[in-house]
Amino acid sequence: MDSKDDTGGLRCLVTGATGYIGGRLVPELLDAGHRVRCLARTPEKLRDHPWAGEAEVVKGDVTDAESVRAAMRDVDVAYYLVHALTSGSGFERTDREAARIFGEQARAAGISRIVYLGGLTPADVPERDLSPHLRSRAEVGRILLESGVPATVLRAAVIIGSGSASFEMLRYLTERLPVMVTPSWVSTRIQPIAVRDVLRYLVGSAHMPTEVNRTFDIGGPDVMTYRDMMQKYAQVAKLPHRLILPVPMLSPGLSSHWVGLVTPVPASIARPLAESLRYEVVCHEHDIADHVPDGPGQPFSFDTALSLALQRIREARVTTRWSSASTPGIPSDPLPTDPDWAGGSLYTDVRELDVDASPDALWRVIEGIGGDNGWYSFPLAWAVRGWMDRLAGGVGLRRGRRDAQRLRVGDSLDFWRVEEIEPGRLLRLRAEMRLPGLAWLEMYAEQGKDGGSHYRQRAVFHPNGLLGHAYWWSVSPFHAVVFGGMARNIAQAAVKGTAGGRA
């Protein structure tokens, strides 16, 4: 990325490319003729994206000034699409420091524009009285605007698109609860926006004149309550009318746990979403159209945004999901192939079977595991473990999988994350359920010695303290049923040529 593209395209840096918006923005920028560099803490997570060969990926973190400086070299426009929302109680401080570093390094690198996607805030509520989530988003926007680099700060409310956290929350609440006792925020007025319009505004913002340095409210044409949105979803999805009963005493904290139990969105994400829904978030201007003109039918109506989102889900063409980003607080750097963790223990459960089927047939079963296909073993045990994880504030089993047949590095898979995949040979999953330690599950499809194939399965656990050791020994008596049954059923499914062992 040493010189400006001869076609007039810009050189763009995208942070947050492993997330929902960033992962969708990269191909849009490429299609617009721009050159793209992605800054990622774990570049391997972007390896299997369809656009991976067209974009440059560099390792780094927005809290590390040196890596940000290197990533901004020879860049025209820098997209800031990260936040530390679920990193713990100090996320506001982390967001503040990261934004300061990003702005300083952008100024030093001679970046022509910063583009940031933040949250829409109510005009009549002082910033100090906002929810921590909205307050931090507003502060980050202000820091970038004051960085000395022309900045475009886009402020959106609820983003409607297949895979977004807001859409998943809306979808699961409406589909699973024909009768709802809800928090009072279901009556708050909101101006949702289609993810396609968000991406269009983000791409178009790269070409704004140098003198533009301001915030823009972005929203669709419809202003409605969350109750309206749920009823409209039921209508578009051809579901019966929902009975919704608001209850004022449901606090944001309680309602986030309620959302967490019913939807696949963890409480750590549901809480800030619920807190933000307390406020009326309606656009006060549409000046963005002066710089990024709307075409016919744009921005999309709520009905159209819903129809497009549902169509992509039915066709399994969800490019990225809210769950594409790793669950914070779960280390991903160690690998089960590392034999020594500071002298710590490493527990393993290994199962091996010869399979009277080709390695390709065995691999199809392995790659199809999880989601609606299930886990090929003791369905009740998996269900109970998923519910226990949900009650503990974890992700549970409800995240499912992005695609029914194919997996890629970084995909969420129920309460696992795809850490490594070697097509036709190896699938390594890292556990993201609440555990007193680190856990992985590896599945191998290998060529058999006398024809057929050989299946090898390894569960790995690195305990954290005494509680971790106690956990392993308390569940080890069930491994013969759970892991042994899984190996046998996967082998049988390969022989039968099926890929469904629902759990």
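Residue indices begin at 1 and follow the sequence shown.
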Novice: Would a distance-only check, ignoring hydrogens and angles, find a side-chain to backbone donor-acceptor pair under 3.5 Å from Arg135 to Leu130?
Specialist: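 Yes; judged by distance alone, with no hydrogens or angles, the pair exists.
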Novice: Are the side chains of Tyr79 and Leu13 in touch, meaning some heavy atoms are under 4.5 Å apart?
Specialist: no
Novice: Quick check: does any side chain N or O of Glu367 sit under 3.5 Å from a backbone N or O of Leu407, one acting as donor and the other as acceptor?
Specialist: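 Such a contact is found between Glu367 side chain and Leu407 backbone.
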Novice: Taking all atoms of both residues into account, what is the closest heavy-atom pair of Ala71 and Val58, and its distance?
Specialist: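 Taking every non-hydrogen atom into account, CB-CG2, 4.0 Å.
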Novice: If every non-hydrogen atom of Ile190 is compared with every non-hydrogen atom of Ala157, which pair is closest and at what distance?
Specialist: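 Looks like CG2-CB, 4.1 Å.
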Novice: Looking only at atom types and distance, does a side-chain atom of Lys59 sit under 3.5 Å from a main-chain N or O of Pro43, one as donor and one as acceptor?
Specialist: no
Novice: Keeping the roles fixed (side chain from Arg35, backbone from Glu54), state whether a donor-acceptor pair exists under 3.5 Å.
Specialist: no
Novice: Can you tell me if Arg200 uses its side chain to pair, donor with acceptor, with the backbone of Pro293 under 3.5 Å?
Specialist: yes
Novice: Short question: side chain of Gln298, backbone of Asp197 - any donor-acceptor pair under 3.5 Å?
Specialist: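 No.
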Novice: Do Trp375 and Asp414 get their side chains close enough for a donor-acceptor pair, meaning under 3.5 Å?
Specialist: yes
Novice: OG1 of Thr15 to CZ of Arg41: how many Å apart, nearest 0.5 Å?
Specialist: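 Thr15 OG1 to Arg41 CZ: 11.0 Å, rounded to 0.5 Å.
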Novice: Quick one: do Val158 and Val281 satisfy side chain to side chain contact (heavy atoms under 4.5 Å, CB included)? Show the steps, please.
Specialist: CA-CA 9 Å; Val158 172; Val281 279; over 6 Å; no
Novice: Roughly how far, to the nearest 0.5 Å, is the SG atom of Cys12 from the CD atom of Glu56?
Specialist: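 The SG atom of Cys12 is 12.5 Å from CD of Glu56, to the nearest 0.5 Å.
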Novice: Would you compute the distance between atom CG of Leu120 and atom CG of Leu134 and round it to the nearest 0.5 angstrom?
Specialist: 8.5 Å
Novice: Contact between Val409 and Glu419 at the side-chain level, heavy atoms closer than 4.5 Å - yes or no?
Specialist: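 No, side chains not in contact.
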Novice: Could you walk me through whether Arg137 and Glu92 pass the salt bridge (Lys or Arg N to Asp or Glu O under 4.0 Å) test, one step at a time?
Specialist: CA-CA 9 Å; Arg137 291 295 185 94; Glu92 288 185 85; over 6 Å; no
Novice: Output the distance between atom CG (Leu39) and atom CG (Asp61), rounded to the nearest 0.5 Å.
Specialist: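 Output value for this atom pair is 7.5 Å.
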Novice: Is any side-chain N of the basic residue among Arg100 and Glu97 closer than 4.0 Å to the acidic one's carboxylate O?
Specialist: yes
Novice: After noting the C-alpha distance and the side-chain angles of Tyr226 and Gln231, does the key distance pass the side chain to side chain contact (heavy atoms under 4.5 Å, CB included) rule?
Specialist: CA-CA 9 Å; Tyr226 205 87; Gln231 296 293 12; over 6 Å; no
Novice: Nearest 0.5 angstrom please: Leu308 CG to Phe300 CZ, how far?
Specialist: 6.0 Å
Novice: Do Arg428 and Ile421 make a side-chain contact, defined as non-hydrogen atoms from C-beta onward lying under 4.5 Å apart?
Specialist: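 They are not in contact (no side-chain heavy atoms under 4.5 Å apart), so the answer is no.
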Novice: Pair Phe102, Ile143 - check side chain to side chain contact (heavy atoms under 4.5 Å, CB included), show working.
Specialist: CA-CA 10 Å; Phe102 199 81; Ile143 290 172; over 6 Å; no
Novice: Would you say that Met208 contacts Ile288 through its side chain, given a criterion of any heavy-atom pair below 4.5 Å between the two side chains?
Specialist: yes
Novice: Kindly give the heavy-atom pair with the smallest separation between Ile111 and Val149, and that separation in Å.
Specialist: O-CG1, 3.5 Å
Novice: Answer yes or no: is there a donor N or O on one side and an acceptor on the other, between the side chain of Thr225 and the main chain of Ser187, under 3.5 Å?
Specialist: no
Novice: Does either side chain, that of Arg242 or that of Thr174, offer a donor lying less than 3.5 Å from an acceptor on the other one?
Specialist: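 On atom types as modelled, these side chains do not qualify, holding no pair under 3.5 Å.
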Novice: To the nearest 0.5 Å, tell me how far Trp363 CH2 sits from Met443 CE.
Specialist: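 Those atoms lie 8.0 Å apart.
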Novice: With a 4.5 Å limit on heavy-atom distance, are the side chains of Val236 and Phe302 in contact?
Specialist: no
Novice: Are the side chains of His83 and Val140 in touch, meaning some heavy atoms are under 4.5 Å apart?
Specialist: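 No - every pair of side-chain heavy atoms lies 4.5 Å or more apart.
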Novice: Before you tell me yes or no, could you show the steps for Val14 and Leu81 under side chain to side chain contact (heavy atoms under 4.5 Å, CB included), namely the whole-Å CA-CA distance, both residues' side-chain angles and the distance that decides it to 0.1 Å?
Specialist: CA-CA 7 Å; Val14 176; Leu81 302 174; 4.3 Å; yes
Novice: Give a yes or no on whether Arg214 atom CZ has more than 12 heavy-atom contacts from other residues, nucleotides or ligands under 6.0 Å away.
Specialist: yes
Novice: Could you give all pairs that pass the salt bridge (charged side-chain N to carboxylate O under 4.0 Å, His left out) test and reach residues 122-132, with sequence neighbours left out?
Specialist: Glu127-Arg142
Novice: Spell out, as yes or no, whether a donor-acceptor pair under 3.5 Å connects the side chain of Asp411 to the backbone of Arg408.
Specialist: yes
Novice: Is there any salt bridge (charged side-chain N to carboxylate O under 4.0 Å, His left out) pair reaching into residues 215-230, and which pairs are they, with sequence neighbours excluded?
Specialist: Arg155-Asp217
Novice: Would you find a donor on one side and an acceptor on the other, under 3.5 Å apart, between the side chain of Tyr233 and the backbone of Leu173?
Specialist: no
Novice: If every non-hydrogen atom of Val57 is compared with every non-hydrogen atom of Leu46, which pair is closest and at what distance?
Specialist: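 That would be CG1-CD1, 3.9 Å.
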Novice: Step by step, work out the ring pair (Phe, Tyr, Trp, His ring centres under 6.0 Å) result for His291 and Phe216.
Specialist: CA-CA 11 Å; His291 302 282; Phe216 293 91; 5.8 Å; yes
Novice: Taking C-beta and beyond as the side chain, do Lys232 and Met229 meet within less than 4.5 Å on heavy atoms?
Specialist: no
Novice: Could you tell me which non-hydrogen atom of Val75 sits nearest to which non-hydrogen atom of Ala78, and how far apart they are?
Specialist: CG1-N, 4.4 Å
Novice: Considering non-hydrogen atoms only, spot the tightest contact between Gly103 and Ile114 and give its length.
Specialist: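 That would be CA-CD1, 4.3 Å.
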Novice: Salt bridge (Lys or Arg N to Asp or Glu O under 4.0 Å), that's the test. Do Glu432 and Arg430 meet it? Break it down for me.
Specialist: CA-CA 7 Å; Glu432 291 194 338; Arg430 172 170 51 86; 3.5 Å; yes
Novice: Does the distance from a Lys or Arg side-chain N to an Asp or Glu carboxylate O, for Glu28 and Arg196, drop under 4.0 Å?
Specialist: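 Looking at Arg196 together with Glu28, the answer is no, because their closest N to O distance does not fall below 4.0 Å.
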Novice: Checking side-chain polar atoms at under 3.5 Å, does Asp76 have a donor or acceptor matched by the opposite partner on His34?
Specialist: no
Novice: Side chains of Ser301 and Asp303: donor-acceptor distance under 3.5 Å anywhere?
Specialist: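 No pair is found: no donor N or O on one side chain lies under 3.5 Å from an acceptor on the other.
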Novice: Would you call Trp416 and Val418 a side-chain contact if the rule is heavy atoms closer than 4.5 Å?
Specialist: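 No, their side chains stay 4.5 Å or more apart.
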Novice: So, the side chain of Glu280 versus the backbone of Thr188: is there a donor-acceptor pair under 3.5 Å, distance only?
Specialist: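 The answer is no, because no donor-acceptor pair under 3.5 Å joins these two groups.
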